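Heads up, the thing below is written out as structure tokens.
Quantities reported herein were computed from a predicted structural model and do not represent experimental measurements. Order of the sequence lines sets the chain letters (A, B, ...), proteins ahead of strands, with each chain counted from 1.
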Number of protein chains: 2
Amino acid sequence: MTLKAVHEHSNCDDCPIRHRAVCAHCDKDELEELEDIKYYRSFEAGQTIIWSGDPMSFVGSVVSGIASLTQTMEDGRTQMVGLLLPSDFVGRPGRDCAPYDVVATTDLVMCCFRKKPFEEMMVTTPHIAQRLLQMTLDELDAAREWMLVLGRKTAREKIASLLSIIARRDASIHKSGMTGPIVFDLPLTREAMADYLGLTLETVSRQISALKKDQVISLEGKRHVTIPDMGRLMEEAGDDTDGGFLV
Amino acid sequence: MTLKAVHEHSNCDDCPIRHRAVCAHCDKDELEELEDIKYYRSFEAGQTIIWSGDPMSFVGSVVSGIASLTQTMEDGRTQMVGLLLPSDFVGRPGRDCAPYDVVATTDLVMCCFRKKPFEEMMVTTPHIAQRLLQMTLDELDAAREWMLVLGRKTAREKIASLLSIIARRDASIHKSGMTGPIVFDLPLTREAMADYLGLTLETVSRQISALKKDQVISLEGKRHVTIPDMGRLMEEAGDDTDGGFLV
DNA sequence: CAGATACTTTGACCGAGATCAAGTGGAAGC
DNA sequence: GCTTCCACTTGATCTCGGTCAAAGTATCTG
């Protein structure tokens, strides 16, 4: 199994790109012993998957739906520290306790591996560690990109940055090839957006209204967003137009 | 070479804990071919080591001094996204361009490896990828912890959080074993602190004065800090007293 | 020692975003 | 149809931290 081979194997429905390297049915012959340590779990919107500090018995990746990582202070202030879209990895091989809550933001399906056997597998199958390292480095870059958003951007820029990230990760962009308007449904409530951006939900609402008034975006209902000009949105986000968000 | 063996090998001056796993002279017999791809570089305070977007020909780790990772927007707003203390790893095996500036905050010595051979070595020596994965996961946790600081904490809490991180990573704490007052020199200017915390230097200065007035800290000169009660400082930071900052 | 430079402190004022409060709109249940 | 509920919007006001400005302090240089 080479990474190249993994990348070429791209039409696997519940086994998306960043998941493939650790997924059994993509490399049956080499990893078929996985079948008995791998299982699927479903969660309802709002359900907490893992509580911060709890022992974590599995690692896995998101198959469908959206999960979020959140940290909460004693007085209730919360900050979302990661958004997990399909194909994203969850878990920490080598550590027992979760450092933050993992919450299902929408209905969610995860593909899980029991942690112990997975860790053993990492030792015997070096490519897995290498693949996980790449994914973790990508997430680290995304987290650091987000630190700039949290630390230095205005409320308006924060909203534009979030919309731009969701737009880029959304399926529709792949089809349209980044030209023409981009359309998607917001998978987050105003409150969840506020928690991600370090704002209040009122400020989120006001800034979305302002972006709508200025025709940077248009809305049908509360959630269905159309972005007529992606370049314009990225200007509003304060990014140079070719900049590289990953999440 | 096992990780355990690596950990036991702890009296190696310019080869600190988190650096050891990839450092030649800790495991001469197994990795002696490293000698010709490894070299040291020195930098003066203020010098930029890598510019964002530049091709990166090496990876490495900090031997002495402090470096910082910073992101800058076109209009000049900057956010520090990481603080590199001795033993921290720098670089991205598998990616050519640096995603942010790396700047020497103090005079600095780095232990570098040419990137190509290092990447080849990662393939032939699986433990390196596994060790790097652990380190990267730790950094990811630290980055996410910092997102809470940037997004939700007040200026006073931000300062307390930064002091608490520096205190914990500082050598003196290891000696005193976390009881009694902790003493250290701030390795950052007020401006660098502001860039790390998403504040202005004026606000940093004011909050430090306030913490001094309230006897949470005391100062000799501008940089030499004494923390009489670490628990008190962590309350001010808004952390539960046993919480786990890493950086 | 005078002057220059870099870092820091402090004060006065202002504004972006938080807080508090009321109201809107749409979907679900009775 | 009416009520309830929830997510969202909008308005009025307040406040923390930003901005602009001035002055203090330590180090270095000639």
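One can place NE2 of His224(A) at 18 Å from C1' of dC8(D), the figure rounded to the nearest angstrom. Atom CG in Asp185(A) sits roughly 13 Å away from atom P in dC8(D) (whole-Å rounding). Atom pair Leu211(A):CG and dT9(D):C1' shows a separation of 15 Å (rounding to whole Å applied). The CD-P distance, from Glu220(A) to dG25(C), rounds to 18 Å in whole Å. Rounded to whole Å, the distance from CD on Glu191(A) to C1' on dC5(D) is 15 Å.
Of the listed residues (Glu145(B), Lys153(B), Glu236(B)), just one forms a side chain to side chain donor-acceptor pair (under 3.5 Å) with Ser161(B), and that residue is Lys153(B).
Panel note: side chain Lys158(B), backbone Leu197(B); a donor-acceptor pair is recorded below 3.5 Å.
Ionic pairing of Arg77(A) and Asp195(A) is not present here: no N-O contact between side-chain nitrogen and carboxylate oxygen is shorter than 4.0 angstrom. A salt bridge is defined here as a Lys NZ or Arg NE, NH1 or NH2 lying under 4.0 Å from an Asp or Glu carboxylate O, and Arg92(B) with Asp138(A) meets this definition. A salt bridge links Arg144(A) to Glu139(B): one of the charged nitrogens lies within less than 4.0 Å of a carboxylate oxygen. A salt bridge between Arg156(B) and Asp214(B) is present, with a side-chain N of the basic residue lying under 4.0 Å from a carboxylate O of the acidic one.
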For this session: Heavy atoms under 4.0 Å is the rule here; annotate nucleotides 9-19 of chain C 5' to 3' with B where the base is hit, S where only the sugar-phosphate is, and - elsewhere.
Result: BBBB----SSB

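Rounded to 10 degrees, the angle between the two end axes of the helix from dC1(C)-dG30(D) to dC30(C)-dG1(D) is 30°, with five pairs used at each end.
Between Ile217(B) and Ile208(B), some side-chain heavy-atom pair lies under the 4.5 Å cut-off.
Between Trp146(B) and Tyr196(B), the ring-plane angle classifies as parallel under the 30° and 60° cut-offs.
Checking the phosphate oxygens (OP1, OP2) of dT8(C), a side-chain nitrogen or oxygen of Arg223(B) falls inside 4.0 Å.
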